[in-house]
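Notes follow once the structure below has been shown.
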2 protein chains.
Amino acid sequence: MALGDAILACLTERPMSGYELAKTFDSSIGFFWKADHQQIYRELSKLRDRGHIQGHEVVQSGKPNKLVYTLTQEGRAALRHWGARPSSPPMMKDDLLVRLCALDSFDIEPLRADLMARLEHHRDRYARYERILNKLFPDGKATSVADTGKLLGLRIGLRHEQAVAEWCEEAIETLAAVAKPAPVLLLEDTSRESNS
Amino acid sequence: MALGDAILACLTERPMSGYELAKTFDSSIGFFWKADHQQIYRELSKLRDRGHIQGHEVVQSGKPNKLVYTLTQEGRAALRHWGARPSSPPMMKDDLLVRLCALDSFDIEPLRADLMARLEHHRDRYARYERILNKLFPDGKATSVADTGKLLGLRIGLRHEQAVAEWCEEAIETLAAVAKPAPVLLLEDTSRESNS
DNA sequence: CCGGTTATTTACCGTAACGCGAAAAAGTCA
DNA sequence: TGACTTTTTCGCGTTACGGTAAATAACCGG
């Protein structure tokens with residue numbers, strides 16, 4: 001049930017409609033939390049039923065009206081209460097790691113391609129985080145408490161992307177060394193292995 | 001449906017019963033994948049229905065008999081096929097990061113405690129990985145393809161734990177600096193904020 | 001004014017994943 | 001006999017996630 005709390009956290013910044021929240025979950029928070037618009041609307045209904053948020057219709061010209069949700073006092077309290085509970089470090093559930101565990105049961109080439117795509121992805125992420133960091137904190141210092149949190153979020157993002165990107169490079173090199181020594185064997189080995 | 005594939009990957013090492021798999025998921029693979037015994041048994045049934053694994057009863061003395069599962073040719077093929085599909089980098093869904101996004105809506109102290117627990121956790125993990133590394137690869141070199149995969153798994157584990165641990169230290173320091181400047185205000189601020 | 005696009009919300013349906021509590025079966029040991 | 005380990009299974013529930021799609025509502029282009 002952390003999605004609800006993530007939404008509450010988003011709403012502390014400013015009241016938003018489901019549509020806006022969905023877009024927020026595509027950008028800032030979306031860097032480490034995915035949720036499509038349906039999950040969000042569903043979660044919003046639940047939160048409203050619980051009295052954690054209140055919806056106010058905002059009439060718009062040129063667009064359909066929207067329901068802008070605001071945190072209630074109960075919502076704030078619930079959020080604060082949730083924030084006081086200890087969190088547990090998330091699992092790194094990663095298909096790639098499973099494949100590495102049984103590396104000799106897989107073809108190396110697709111894995112290498114996968115790793116190259118990852119490397120690009122993580123480098124890209126790193127660059128994006130860096131750009132945001134430079135834009136929001138040109139001097140590297142946060143002025144408010146809220147900014148401090150965002151800075152720390154960027155920092156762990158940067159650290160993580162860098163670490164994983166470096167590992168990808170290492171893994172690609174290692175796999176290249178593994179794939180080369182026996183290129184002749186592989187040709188016969190792919191379609192038929194030791195029929196017992 | 002990645003749990004099924006993780007089980008298949010485990011079974012490439014050696015045939016195992018559900019009970020043994022559950023314990024495996026508590027140790028080696030369990031570092032980055034959690035599954036209790038029920039999930040495993042349920043998944044095993046599905047895999048057997050699909051013909052990816054075969055169960056053979058093994059009579060035991062002193063214990064109830066057990067059903068040892070072996071990969072079938074279809075299972076191997078399915079696993080290989082799964083391994084050839086591109087993977088997508090996992091989300092870092094972390095409650096802590098959500099809290100950082102709205103840092104000023106939370107109490108700092110529990111967060112700091114949380115971070116300290118995390119720091120310990122990640123250092124612990126790091127030490128465990130290092131111990132395993134030194135035991136399995138005293139010279140830092142893998143000899144077989146399978147070992148190469150395991151080595152790479154350990155490497156990313158080490159890199160990740162180190163990066164996060166370092167970040168935890170940074171975050172703890174930063175939060176300490178944030179919490180101190182206004183200790184007097186916090187006393188009144190916790191129970192009642194700006195009643196609108 | 002018709003049709004396409006964007007913004008906004010909602011409904012229905014499926015299933016994978018997780019978790020809890022329980023218990024059956026088989027054997028050991030005290 | 002009773003408690004405990006090993007091994008497997010059942011059943012119920014929730015959360016999360018995913019797709020398809022449709023109901024509004026207003027715009028814009030022709």
Whole angstrom value for the distance that separates [atom2] of [N] from [atom1] of [X]:
X: A/Leu47; N: C/dT9; atom1: CG; atom2: C1'; value: 16 Å
X: A/Met16; N: C/dT8; atom1: CE; atom2: P; value: 13 Å
X: B/His56; N: D/dT8; atom1: NE2; atom2: C1'; value: 18 Å
X: A/Leu3; N: D/dT14; atom1: CG; atom2: C1'; value: 14 Å
X: B/Ile40; N: D/dT8; atom1: CD1; atom2: C1'; value: 13 Å
X: B/Glu57; N: D/dT7; atom1: CD; atom2: P; value: 12 Å
X: B/Glu43; N: C/dT15; atom1: CD; atom2: P; value: 14 Å
X: B/Glu20; N: D/dT5; atom1: CD; atom2: P; value: 18 Å

Would you mind building the protein contact string for nucleotides 19-26 of chain C? One character per nucleotide, 5' to 3', B for base within reach (heavy atoms under 4.0 Å), S for sugar-phosphate only, - for untouched. BBBB---B
Atom pairs and distances, donor-acceptor, side-chain atoms in residues 131-142 of chain A, under 3.5 Å, two or more places apart:
unit_1	atom_1	unit_2	atom_2	d
A/Asn134	ND2	A/Glu130	O	3.3
A/Asp139	OD1	A/Lys141	N	3.3

For C/dT10, does OP1 or OP2 lie under 4.0 Å from any side-chain N or O of A/Ser45? no
OP1, OP2 of D/dT9 versus side-chain N and O of B/Tyr41: anything below 4.0 Å? no
What residues form a side chain to side chain contact (heavy atoms under 4.5 Å, CB included) with A/Arg48, not counting sequence neighbours? A/Ser45, A/Ile53, A/Leu67, A/Tyr69
Any ion pair linking A/Lys23 and A/Glu20 (charged N to carboxylate O, less than 4.0 Å)?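 Answer for the salt bridge query: no.
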I'd like to know if A/Arg85 and A/Asp5 make a salt bridge, using a cut-off of under 4.0 Å between side-chain N and carboxylate O. no
Please enumerate all residues that pass ring-ring contact (aromatic ring centres under 6.0 Å, His included) together with B/Tyr41, with sequence neighbours excluded. none
Can you list the residues that meet the ring-ring contact (aromatic ring centres under 6.0 Å, His included) rule with A/Tyr19, with sequence neighbours excluded? none
Hits for salt bridge (Lys or Arg N to Asp or Glu O under 4.0 Å) against B/Glu74, two or more places apart or cross-chain, chain-then-number order -> none
Nearest to the side chain of B/Lys66, heavy atoms from C-beta on, is which of C/dT8, C/dA16, D/dT8?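 Out of C/dT8, C/dA16, D/dT8, the nucleotide with an atom closest to B/Lys66's side chain is D/dT8.
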Side chain of A/Leu67 (C-beta onward), nearest among C/dA16, C/dT9, D/dT6: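 Looking only at side-chain atoms, A/Leu67 lies closest to C/dT9.
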